[in-house]
Amino acid sequence: MNNNGFVLNFGSDDNARWQRLLDEIDNGNVVPVIGPDMLVAPKMSEEGKPENLHQQLISYIAAQTGVKTRPRTFSQLVYDDNYRHIVRNKDDQIYNLISQILSNVDQIEEINSQPSQLLTDLLGTRKFPFVITTSFTPVLEKVMEDVWGKVNVLKFNNNPQDSIPERGGDIKTVNDMKLPTVYYMFGRYCSSKDRYVVTDSDMMTFCSSWISGAGVPRNLTETLKKKYLLILGNNYSDWLFRFVWFSLRATTTDMKSDVVVNETVEESFKQFLDRLETFYQENPVDVIKRIKKDVEDRSLRGSAKTAYETDVFISYSRTDTTIAKNLYDALTAKGLKVWFDSNSIQKAEDWEAAIANGIRGARLFVPILSKNIEKESMIPHEYRTEWNIAANLSTKMGGRTFIIPFAEAGFDFYNPLTKLPTEFTSKNATWFNDATDLAELIGVIFKELENLKLIESRLNY
């Protein structure tokens, strides 16, 4: 079954079904399940057949190992005599090969690893913070990082010998579904066997492991019972698709019907969908286009007036707390509302969500860029997540100023290790020499706020 289409049980009238789906997306009740066919734009094989990313990997490995049979699945590849001769009958070699290729896929011209426009359009709506993938490749994860910045990664491991905590990759609470997350239902690629599904044998082991109940993500499946699944790009047989569906639901009764996009389906599967009173669509391009347009229309209607909660968001490294606190004190003393993490995040609050909301609710974003930032280039820091959120938000705005870098004298904006977002440019920066050198920045901030408020008054904000 080429699962590129869409199924929904929201009544019998098509327009009403569409409206219900779009409402549920807007309310955060739809979870995408993305498969290999959706990840990248298909590449044509030598025989003129479209190949998804998995099939491109198969063709590449086949060419490298002298396989002449034109395998279409990993199972056909690993049981080819030429392949087995080259790898000396090592059943686990395929996992190491896949890991090596995916670790360097951007350098391999024969493989198209660029995310498809459909995937980018869908996730770019920012209506789907939690996404499930049935592919072991990292394409979807990279798109989520581009959209959200920091992304959590959870994965089910199909090795029945592993411990439950290591395999399950479960959410802890319902609120985790609100955090940007990629869940690898069939595992994520690595060099080891029994960590992700590649061959038919892996799939059987996975199914056995899931059905046994050991390590199944109980919190996730319980939460998904209250959600709708938007299933796209999963090229599975009738029985396997039913297994995936029921596994995610963890129940065969009182099942919330879902969204499944198919260009072609087996007759028995159509009957299965009919029994669930589903709404069937064939064209994934039209489906995603309609979802994207509705999200944009609702955003325009909802943001006719921009409700800013603060004037300035200060982003900084903990090593620069002194200058950040001085800036906060100076701005608040002049009557401005300033988002400063130690004052703006309440106890027990979801701090990641609070930061993202704080950036979106500020008129100006001020990242403090000191030489400490350059020294910390090899260490993970949350301010880089703040940078990405602000940069993504800035690209969606018009020509108005949003980001005002506050840089220490001598700071190198073009240091490749620092890797600043392209929206952080030296020409828009204000410079400082020490932690008390704030006067020029404060003047710039007030000037920009006056310009913004003038624009807002003209637009009746």
For the residue pair [X] and [Y], categorise the inter-ring angle as parallel (less than 30°), tilted (30 to 60°) or perpendicular (more than 60°).
X      : Y      : answer
Phe424 : Phe365 : tilted
Phe340 : Tyr316 : parallel
Phe206 : Phe156 : perpendicular

Check for a donor-acceptor pair, side chain of [X] on one end and backbone N or O of [Y] on the other, with a separation under 3.5 Å.
X      : Y      : result
Tyr184 : Thr133 : no
Asn52  : Gln55  : yes
Thr310 : Lys337 : no
Thr332 : Leu336 : no
Ser103 : Ile101 : no
Glu24  : Leu21  : no
Ser394 : Phe402 : no

Distance check, rounded to the nearest 0.5 Å: [X] atom [atom1] versus [Y] atom [atom2]?
X      : Y      : atom1 : atom2 : answer
Ile25  : Leu230 : CD1   : CG    : 6.5 Å
Leu122 : Ile288 : CG    : CD1   : 5.0 Å
Ile314 : Tyr328 : CD1   : OH    : 8.5 Å

(request) Check Thr134 against Pro36 and note the closest heavy-atom contact, atom names and distance. (result)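 Taking every non-hydrogen atom into account, OG1-CD, 3.9 Å.
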With sequence neighbours excluded, what pairs up with [X] under the side chain to side chain contact (heavy atoms under 4.5 Å, CB included) test?
X      : value
Pro129 : Trp148
Asp200 : Ser75
Asn27  : Asn29
Ser317 : Thr319, Asp320, Ile373, Glu376, Tyr383

Could [X] and [Y] be called an ion pair, given the rule that one side-chain N must be under 4.0 Å from one carboxylate O?
X      : Y      : answer
Glu141 : Arg188 : yes
Lys150 : Glu145 : no
Lys292 : Asp121 : yes
Arg218 : Asp170 : no
Asp297 : Lys293 : yes

By salt bridge (charged side-chain N to carboxylate O under 4.0 Å, His left out), which residues pair with [X], not counting sequence neighbours?
X      : result
Asp176 : none
Arg384 : none
Glu51  : Arg72
Asp146 : none

In chain order, what residues pass the side-chain hydrogen bond (donor to acceptor under 3.5 Å, both in side chains) check against [X], with sequence neighbours excluded?
X      : answer
Gln56  : none
Thr425 : Asn428
Thr385 : none
Thr73  : none

(request) Might you work through the salt bridge (charged side-chain N to carboxylate O under 4.0 Å, His left out) test for Arg290 and Asp286, ending with a clear yes or no? (result) CA-CA 6 Å; Arg290 185 162 182 175; Asp286 290 345; over 6 Å; no
(message) Side chains of Thr137 and His54: any donor to acceptor distance under 3.5 Å?
(response)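 No, because no side-chain N or O of His54 sits under 3.5 Å from a partner of the opposite role on Thr137.
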(message) Testing the 3.5 Å rule here: is there a donor-acceptor pair between the side chains of Tyr95 and Asp202?
(response)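 Judged by distance alone, the side chains do pair up.
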Taking C-beta and beyond as the side chain, do [X] and [Y] meet within less than 4.5 Å on heavy atoms?
X      : Y      : value
Phe446 : Lys334 : yes
Val147 : Asn392 : no
Met185 : Val197 : no

(request) Take Ser113 and Asp106 through the test side-chain hydrogen bond (donor to acceptor under 3.5 Å, both in side chains) and record every step on the way to the result. (result) CA-CA 7 Å; Ser113 63; Asp106 292 336; 3.1 Å; yes
(request) Decide if the gap between the ring center of Tyr189 and the ring center of Phe136 is smaller than 6.0 angstrom. (result)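 Tyr189 vs Phe136: aromatic centres not under 6.0 Å.
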